Amino acid sequence: MALYEHVFLARQDLAQAQVDALAETATKIVEDMQGKVTKVETWGLRSLAYKIAKNRKAHYVMLNIDAPAGVVAELERQTQINEDVIRYMTIKVDELETGPSVMMRKQERSERGERGPRGDRGPRRDRDEAPAGE
């Protein structure tokens, strides 16, 4: 069987319970056709780069799927029919990530990371301190 990552964007006005129900529906479609969903990640409500169907934000959900191609075709057909899903994308991968995805690791980082509050700009000079050599 082949390995896939399926990401869909749900409308911003849906409750989290409705988004979870969409993920469960997708999982049921895959499992009914002898496939497996190995991981479901909800990335939360995130801003879009541009408006899609009058939505400025969307709920992002990713599914890791281990199934034949026919299962993915049926999943995409059902996803396309659903009016709560505004975009979806399925890609075939060589192997599935075992830990959290890049999007989940990105949320775990602190706001400024290990570089400190000034980033790469270096330490802040005081106004009263004269530059070296003056």
Side-chain angles (χ1 to χ4, degrees):
M1 290 202 271
L3 305 173
Y4 300 92
E5 286 184 357
H6 177 76
V7 178
F8 67 87
L9 282 60
R11 290 189 340 221
Q12 65 186 1
D13 58 340
L14 296 179
Q16 187 60 44
Q18 292 172 303
V19 175
D20 294 340
L22 286 173
E24 287 175 21
T25 302
T27 302
K28 185 173 177 353
I29 291 169
V30 172
E31 290 174 351
D32 286 348
M33 298 183 71
Q34 284 72 42
K36 285 192 302 193
V37 174
T38 58
K39 180 170 59 171
V40 177
E41 281 187 0
T42 303
W43 296 342
L45 186 66
R46 303 177 60 85
S47 295
L48 298 171
Y50 53 90
K51 284 171 89 172
I52 301 173
K54 299 183 181 179
N55 290 286
R56 290 192 181 276
K57 293 184 176 191
H59 293 274
Y60 285 64
V61 179
M62 183 189 73
L63 304 163
N64 282 349
I65 300 171
D66 184 4
V71 174
V72 174
E74 177 63 18
L75 175 63
E76 287 185 342
R77 188 184 75 77
Q78 293 285 338
T79 303
Q80 195 170 14
I81 293 171
N82 194 330
E83 61 187 29
D84 291 332
V85 177
I86 56 176
R87 286 283 191 278
Y88 67 91
M89 180 172 61
T90 307
I91 58 170
K92 187 174 182 178
V93 294
D94 294 329
E95 63 182 80
L96 298 172
E97 291 186 46
T98 54
S101 68
V102 173
M103 294 299 285
M104 295 303 282
R105 288 191 304 255
K106 184 175 167 185
Q107 292 174 356
E108 291 173 1
R109 283 188 285 168
S110 65
E111 189 173 308
R112 282 295 191 167
E114 297 176 13
R115 297 181 298 176
R118 303 243 336 133
D120 289 337
R121 296 177 289 182
R124 187 173 171 180
R125 291 190 344 202
D126 292 319
R127 292 184 194 139
D128 299 334
E129 182 182 314
E134 287 185 13

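Note that the coordinates shown come from a computational prediction; the quantities given were computed from them, not determined experimentally.
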Would you find a donor on one side and an acceptor on the other, under 3.5 Å apart, between the side chain of [X] and the backbone of [Y]?
| X | Y | result |
| --- | --- | --- |
| D32 | I29 | no |
| H6 | I65 | no |
| D84 | N82 | no |

Do the side chains of [Y] and [X] get nearer than 4.5 Å, heavy atoms only?
| X | Y | answer |
| --- | --- | --- |
| R87 | I52 | yes |
| Q12 | L45 | yes |
| V61 | V40 | yes |

Open item on the list: Please determine whether residues Y88 and V72 belong to a single hydrophobic cluster, defined as Ile, Leu, Val, Met, Phe, Trp and Tyr linked transitively by side-chain heavy-atom distances below 4.5 Å.
Closed with: yes
- [ ] Check whether L22 and V71 end up in the same hydrophobic cluster, where Ile, Leu, Val, Met, Phe, Trp and Tyr are linked by side-chain heavy atoms less than 4.5 Å apart.
- [x]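 The answer is yes; both residues are in one hydrophobic cluster.
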Open item on the list: Surrounding CE of M1 (heavy atoms of other residues, nucleotides or ligands, distance under 6.0 Å), is the total greater than 12?
Closed with: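 More than 12 heavy atoms, drawn from other residues, nucleotides or ligands, come within 6.0 Å of this atom.
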Task: Crowding at NZ, K57 (>12 non-hydrogen neighbours, <6.0 Å) - done: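 Open.
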TODO: Show the numbers, then the answer: is there a side-chain hydrogen bond (donor to acceptor under 3.5 Å, both in side chains) between E76 and Q80?
DONE: CA-CA 6 Å; E76 287 185 342; Q80 195 170 14; over 6 Å; no
Open item on the list: Taking side-chain contact (heavy atoms from CB on, under 4.5 Å) as the criterion, tell me which of V30, T27, V37 meets it with L75.
Closed with: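 Output: one option passes, namely V30.
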Mind checking the [atom1]-[atom2] spacing from [X] to [Y]? Nearest 0.5 Å is all I need.
| X | Y | atom1 | atom2 | result |
| --- | --- | --- | --- | --- |
| K39 | D66 | NZ | CG | 13.5 Å |
| F8 | T90 | CZ | OG1 | 10.5 Å |
| M89 | L9 | CE | CG | 9.5 Å |
| K54 | R11 | NZ | CZ | 12.5 Å |

I need the minimum non-hydrogen distance between [X] and [Y], along with the two atoms involved.
| X | Y | answer |
| --- | --- | --- |
| A10 | V19 | CB-CG2, 4.4 Å |
| G35 | A67 | CA-CB, 3.7 Å |
| K92 | A2 | CE-CB, 3.7 Å |
| L96 | Y4 | CD2-O, 3.6 Å |

Open item on the list: Before you tell me yes or no, could you show the steps for Q16 and D20 under side-chain hydrogen bond (donor to acceptor under 3.5 Å, both in side chains), namely the whole-Å CA-CA distance, both residues' side-chain angles and the distance that decides it to 0.1 Å?
Closed with: CA-CA 6 Å; Q16 187 60 44; D20 294 340; 3.2 Å; yes
- [ ] May I have the step-by-step check of side-chain contact (heavy atoms from CB on, under 4.5 Å) for W43 and V7, ending in yes or no?
- [x] CA-CA 10 Å; W43 296 342; V7 178; 4.1 Å; yes
